[in-house]
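Heads up, the thing below is written out as structure tokens.
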Amino acid sequence: MKAVVQERFGPPDTLRLREAERPRAGSGEVLVRVRAAAVNPYDWHMVRGDPYAARLLGGVGLTRPKRPVAGIDAAGVVEGTGAGVRGFLPGDPVLGFCPGAFAEYACTSADLLVAKPAGLTFEQAAAVPMAAVTALRGVRTVGRVRAGQRVLVNGAGGGVGTFAVQIAAVLGAEVTGVCSAHNTGLVRSLGATHVLDYALEDFTDRRERYDVVLDNVGNHPLGRLRRTLTPAGVLVANGGGSPGRVFGAIGAMLALAAVNAVTRQRLRPILPATPDGPARRDLLAVTSLVEAGRLTPVVGRTYTLADTARAVRHVEDGHAGGKTVITVP
């Protein structure tokens, strides 16, 4: 099969399209014929082995990538199943977390897959897993957003942000989205009552106070973010960071925990969704919203498998609108 392979840590240009051995489904696993894969900030972190501290925590690799084929989000059709797998048959359209998704085939645990909603294209379906689950956890699980609350989403035009705006609106919140001028119309169409162009206005300078702030960008000091909250408000910090950092978001999360111990406000981290944790439960929750017509994936740009390095670079630059998706012919 063709696959995008990384033999060493480095910038996206180190990714190469090569022939690789097709994976085989073991016990409890499903082999997926990938039709589309989405790119996440998680992917460029894995490609770079960044932040460096993450290499010491396992799962990434210490001196070279632990997993040679990049990618995690995929949509496609079931090619085959291993022993003990129930509920999936060859030909079934699926989406989910598939390590090694930047390839023609990927193998994953059956617990990390769900049926693809019939109304979605494979490109839209690939956009769902990590971004939608992260948004769900940030807004509903960590932020505990309720009807009537005022919610601000910083980075509302990005992958997680476009889902978060919709989920907060579905829960009955009054949503303010912060994004680029290019995405203001999109964010408003997703359910935001108010939209701020970050180039024209700094939301931390405004007098408005919010019950919940979901920060997907990390471009403001913690003190300025706190003053946008009500006295008992919740700051939900989504991990991220710029390339080349030793600790990346880890340092920011430690600072968050320290300040949280001495304030009435709740300051909570929400790390990007990964195959760890209750992935299937959250995947079912977001696909149920999709099937009910209350959640729509936003696909910004699409690339071919051969152009995966360009796609990862586009996401790493930090200005991608919606989700960036790779099509696999």
Side-chain angles (χ1 to χ4, degrees), residues 41 51 131 134-184 186-188 190-242 245 247-272 318-319 321:
T134 298
L136 181 77
R137 292 176 182 176
V139 172
R140 191 182 71 175
T141 307
V142 180
R144 299 179 185 177
V145 170
R146 302 185 304 276
Q149 288 189 317
R150 304 188 72 199
V151 175
L152 181 137
V153 178
N154 188 25
V160 173
T162 52
F163 284 113
V165 168
Q166 295 178 78
I167 293 170
V170 164
L171 293 173
E174 178 185 322
V175 183
T176 296
V178 181
C179 60
S180 66
H182 177 72
N183 289 321
T184 54
L186 167 66
V187 171
R188 195 177 300 278
L190 297 175
T193 305
H194 313 284
V195 183
L196 306 178
D197 176 357
Y198 67 77
L200 299 178
E201 189 170 14
D202 185 340
F203 72 90
T204 65
D205 286 333
R206 292 164 59 89
R207 294 183 178 181
E208 284 78 359
R209 296 295 178 262
Y210 301 93
D211 300 293
V212 179
V213 171
L214 172 59
D215 182 21
N216 296 308
V217 184
N219 59 344
H220 290 87
L222 181 56
R224 293 182 69 87
L225 288 171
R226 286 186 58 206
R227 75 184 191 187
T228 68
L229 296 172
T230 60
V234 184
L235 170 64
V236 183
N238 184 16
S242 302
R245 300 293 181 87
F247 294 103
I250 298 173
M253 297 304 134
L254 292 175
L256 199 73
V259 177
N260 180 68
V262 295
T263 179
R264 284 182 57 204
Q265 296 169 326
R266 288 188 291 136
L267 315 178
R268 301 285 191 267
I270 171 66
L271 298 178
H319 299 290

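Counting from 1, the numbers follow the sequence of the chain as shown. If you're wondering where the values come from, they're calculated on a predicted model, not measured in any experiment.
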(message) Is it the case that the side chain of Thr134 and the backbone of Ala131 share a donor-acceptor pair, with hydrogens and angles ignored and the cut-off at 3.5 Å?
(response)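 Pair absent, no side-chain N/O of Thr134 close to backbone of Ala131.
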(message) Using a 3.5 Å distance criterion without hydrogens, assess whether the side chain of Arg227 forms a donor-acceptor pair with backbone atoms of Thr204.
(response)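 The answer is yes, because a donor-acceptor pair under 3.5 Å joins these two groups.
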Between [X] and [Y], which heavy-atom pair has the shortest distance, and what is it?
| X | Y | result |
| --- | --- | --- |
| Cys179 | Gly157 | CB-N, 3.8 Å |
| Ala173 | Val151 | CB-CG2, 3.7 Å |
| Leu267 | Pro269 | O-CD, 4.2 Å |
| Ala164 | Ala135 | N-CB, 3.6 Å |
| Val175 | Ala168 | CG2-CB, 3.7 Å |
| Asp202 | His220 | OD1-NE2, 3.0 Å |

Answer yes or no: is there a side-chain heavy-atom contact under 4.5 Å between [X] and [Y]?
| X | Y | result |
| --- | --- | --- |
| Arg224 | Asp205 | yes |
| Val234 | Arg144 | no |
| Phe203 | Asn154 | yes |
| Thr228 | Leu152 | no |

(message) Would you say that more than 12 heavy atoms from the other residues, nucleotides or ligands in this model lie under 6.0 Å from the CZ of Arg266, or not?
(response)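 Atom CZ in Arg266 is crowded, with more than 12 foreign heavy atoms closer than 6.0 Å.
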(request) Check the surroundings of atom CZ in Arg146: do more than 12 heavy atoms from other residues, nucleotides or ligands lie under 6.0 Å from it? (result)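 Counting neighbours around CZ of Arg146, 12 or fewer heavy atoms of other residues, nucleotides or ligands fall under 6.0 Å, so no.
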(request) Supply the atom-to-atom distance Leu196 CG to Ser180 OG, rounded to the nearest 0.5 angstrom. (result)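 Leu196 CG to Ser180 OG: 12.5 Å, rounded to 0.5 Å.
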